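A short worksheet on the structure shown next.
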There are 2 protein chains.
Amino acid sequence: MGRVRISDVAAAAGVSTSTVSLVLNDRDVRIPHETRERVRRAAAEVGYSPNTVARGLRMQRTRTIGLISDTIATTPFAGRMLAGAQDAAREHGYLVFLVDTESDPQVEQDAIRALTGQQVDAMIYAAMWHRVVDVPKGLPAGTVFLDCRPATGDFSAVVPDDREGGVSAVRELVAAGHRRIAYLDVDEPEPPVASALRHEGYLAVLAEAGIEPDPALHVRGETSAAGGRQTTERLLDLPADRRPTAIFCFNDRMAAGVYVAAHRRGLEIPRDLSVVGYDDQQLVAGELDPPLTTIALPHYEMGRWATEVALGVRAHEAPRSTRLMPCPIVRRDSVSSPPAAATNSSRRRA
Amino acid sequence: MGRVRISDVAAAAGVSTSTVSLVLNDRDVRIPHETRERVRRAAAEVGYSPNTVARGLRMQRTRTIGLISDTIATTPFAGRMLAGAQDAAREHGYLVFLVDTESDPQVEQDAIRALTGQQVDAMIYAAMWHRVVDVPKGLPAGTVFLDCRPATGDFSAVVPDDREGGVSAVRELVAAGHRRIAYLDVDEPEPPVASALRHEGYLAVLAEAGIEPDPALHVRGETSAAGGRQTTERLLDLPADRRPTAIFCFNDRMAAGVYVAAHRRGLEIPRDLSVVGYDDQQLVAGELDPPLTTIALPHYEMGRWATEVALGVRAHEAPRSTRLMPCPIVRRDSVSSPPAAATNSSRRRA
DNA sequence: TCAAGGTGTTCAATCGATTTAGCAGACCTA
DNA sequence: TAGGTCTGCTAAATCGATTGAACACCTTGA
């Protein structure tokens, strides 16, 4: 237990607590090697480990960091983000306080008070979906926003580069020879910012490939396998020459629905229809048959980045800026070249 | 920021810091209402919030709790467990330090030192799979084990009641009229303790229903959809009168494989084959078609329980005991009565 | 008038570390 | 021998709160 105090070490080594502190913290003070050794041995013998609360009080620096998250239970991403933050913190000798607010403003306020009361050296405000958030009152100046951007104020933030993610996905399909590529988007009253960003990427790639975007191929559905299935069915109902040969989905769950719709029509993936998802959810993308090519969300990296910036160990980083973290493509087996007929038909159209 | 000290409040209210402390902590000391009000107003005006580091040092009580977890990134369960711990801690005014060790013994040792150094009031040692763990050196006496049991020593622990979970699952199938029920178990060199416990429950229900267990129906496969599919195929290769009409799966991912195998044979779930999973993984069980009936793992509840016991707010609980947390059944649409043919055949056999 | 008792508030010690200024004593030099 | 320098170590202040002891001041009763 934390029973052993520095004075116990001092007594055991026959010196003052000052000397013990000086030695154990490797201060540049003239203390002969022999004494240093004696102190260190004494500390080890009595099993001393410093009381960091006392140290924190004296040093005005607690080596702790507060992480406020809007949820941790309801998304599979939280763990990776926490792990990234966690690892970065540990590497620099920090401990992290985790608070889950479930988006309750009262809990959030209490959390901010509690964490500042704890004298945390840095604070991270995390969301589990890329979005714009109001800055809660009382947030300290150096707070870093993780997977969200503050609506106002001058803060550092890190979010996934959803536009480039869309680019990678669609470029993969174009590179395989597809020209009729659908974007299976989300259908929500307030769509997540990722929705529009990925669409931007989609359009950019079409443009660079000289493909005229077809509005009929930008469809929206519920964010679920069922939603993906239904929307895909509408897509497959299109006349043969307007039907997509590839679908870029807003997320992996919707992509799972694409698989179902395709199978019901006797279409084989990727032979008859190529699919790219988003999120790289292991339980979905990895378990589908064939495994789904998708775009990974860099939650671990964002967690790391946010922590490192919060701790100030990324001095070269532009201060108070928003970092767009790359979303790498994860190639599996759901993309191939389009079926010959479609290729022909598109050639005919060209 | 934590700039405002109690002395600032004292100055603003024209009293000593003692008085401020007495008032703000509602001590039973004769201080007239008028002064109390004045102090409180001053505190609010200057925006005082106490430095809990200083308080912790003085009180020898930090109102923090340390949670050491073997992983948080690689399982979808971690979030629920953390949320449970988190909620319980918050309700009692505690903040939680989270450390993710990735099962690295060195990291674990460092974490224990760091947390005891932080003078945490309680400690929780969590695993993400129900298993028996070696007790790391230096763990304080009151540590509570979460989702794991200590191999030695006298500790409180909470784990899922996997035996009863197996009972619920199989009873559900028996109640629907099934008599040929397979247990699709995991196939690993060191199977998780849940494997045997659920099998116990399975056997118990068969016994209570007067069903002779058929060893051919206890099969093992890889824990994945692919493993579930392959193993199910072997099951479906059995002669018609020995073939199962229902399958109880070790987990939902394997159950997803059962669906695939069934569909490939033209079998419809639940008409031709009933399925019960385990884990209640939203992304799997909820997205399958039809949605999967399964047994939920009580991670949130276990997280709560462990925290409450660690904080000593569950005095009535037997000390240093292992709590088996019930695994409730989640009824969806993958169970129905067996096909008529099978019922007849089993009647014939009787 | 004075002791006793009550009321309102403060003094000062305390928690366990860190750190600066400074003190003995050894040694050196003129 | 006195003064200066160097070496090795420690005294004491400090961080910001809490709290038991104690101190003024007022009232009351004999």
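Atoms considered below: every heavy atom in the structure, side chains included; atoms not considered: hydrogens, waters and symmetry mates. The chains referred to below are lettered A, B, ... by the order of the sequence lines, with proteins before strands, and numbering in each begins at 1. Everything numeric here is computed off the predicted structure, so don't read it as measured data.
- Separating the CZ atom of Arg30(A) from the P atom of dT7(D) is a distance of 6 Å, rounded to the nearest angstrom.
- Taking only side-chain nitrogens and oxygens, Ser16(A) never comes nearer than 4.0 Å to OP1 or OP2 of dC9(D).
- Taking side-chain N and O atoms only, Asn51(B) has no distance below 4.0 Å to OP1 or OP2 of dC15(D).
- Using a 4.0 Å cut-off, no side-chain N or O of Ser18(B) falls inside it from OP1 or OP2 of dT9(C).
- Remark: Arg41(B) does not engage Glu45(B) in a salt bridge, criterion side-chain N to carboxylate O under 4.0 Å.
- Straight-line distance from the CD1 atom of Ile6(B) to the C1' atom of dT18(D): 8 Å, rounded to whole Å.
- Between Trp129(B) and Phe77(B), the two ring planes are perpendicular [angle over 60°; tilted spans 30° to 60°].
- Contact check, Thr17(A) against dA17(C): no side-chain N or O comes under 4.0 Å of OP1 or OP2.
- Evaluated for a side-chain contact (heavy atoms from CB on, under 4.5 Å) with Tyr125(B), the options Ile112(B), Thr101(B), Val133(B), Leu67(B) yield exactly one hit, Val133(B).
- Scanning both residues, Tyr48(B) and Arg113(A), for their nearest heavy atoms gives O-NH2, 3.0 Å.
- Between the P atom of dT18(C) and the CD1 atom of Ile31(A) lies a distance of 13 Å, rounded to the nearest Å.
- Side-chain contact annotation: Ser21(A) with Ser18(A), donor-acceptor N/O pair under 3.5 Å absent.
- Rounding to whole angstrom units, CG of residue Leu22(B) and P of dC11(C) are separated by 14 Å.
- For the helix from dT1(C)-dA30(D) to dA30(C)-dT1(D), the angle separating the two terminal helix axes comes to 80°, with each axis derived from five pairs and the value rounded to 10°.
- If you take CZ of Arg63(A) and P of dT18(C), they are 12 Å apart, rounded to a whole angstrom.
- With distances taken from any side-chain atom of Thr35(B) to the nucleotides dT9(C), dT10(C), dG16(D), the minimum falls on dT9(C).
- Among dT18(D), dT9(C), dG16(D), the nucleotide with an atom closest to any side-chain atom of Ser21(B) is dT18(D).
- Going from atom CZ of Arg58(B) over to atom P of dA17(C) covers 16 Å, rounded to whole Å.
- Comparing Pro32(B) and Ala54(B) by the nucleotide of DNA chain C that holds the closest heavy atom to each, the one mapping nearer the 5' end is Pro32(B).
- Under a 4.0 Å N-O distance rule, the pair Glu190(A)/Arg131(A) does not qualify as a salt bridge.
- Checking the phosphate oxygens (OP1, OP2) of dG16(C), a side-chain nitrogen or oxygen of Gln60(B) falls inside 4.0 Å.
- dG16(D) atom P lies 14 Å from atom CE of Met59(A), rounded to whole Å.
- Distance from the side chain of Arg55(B) is smallest to dA17(D) among dG16(D), dA17(D), dT9(C).
- Under 4.0 angstrom from either OP1 or OP2 of dG16(C) there lies no side-chain N or O belonging to Tyr48(A).
- Looking at Asp162(A) and His130(A), their side chains come closer than 4.5 Å, going by heavy atoms from C-beta outward.
- Arg27(B) places its CZ atom 18 Å from the P atom of dT9(C), with the value rounded to the nearest Å.
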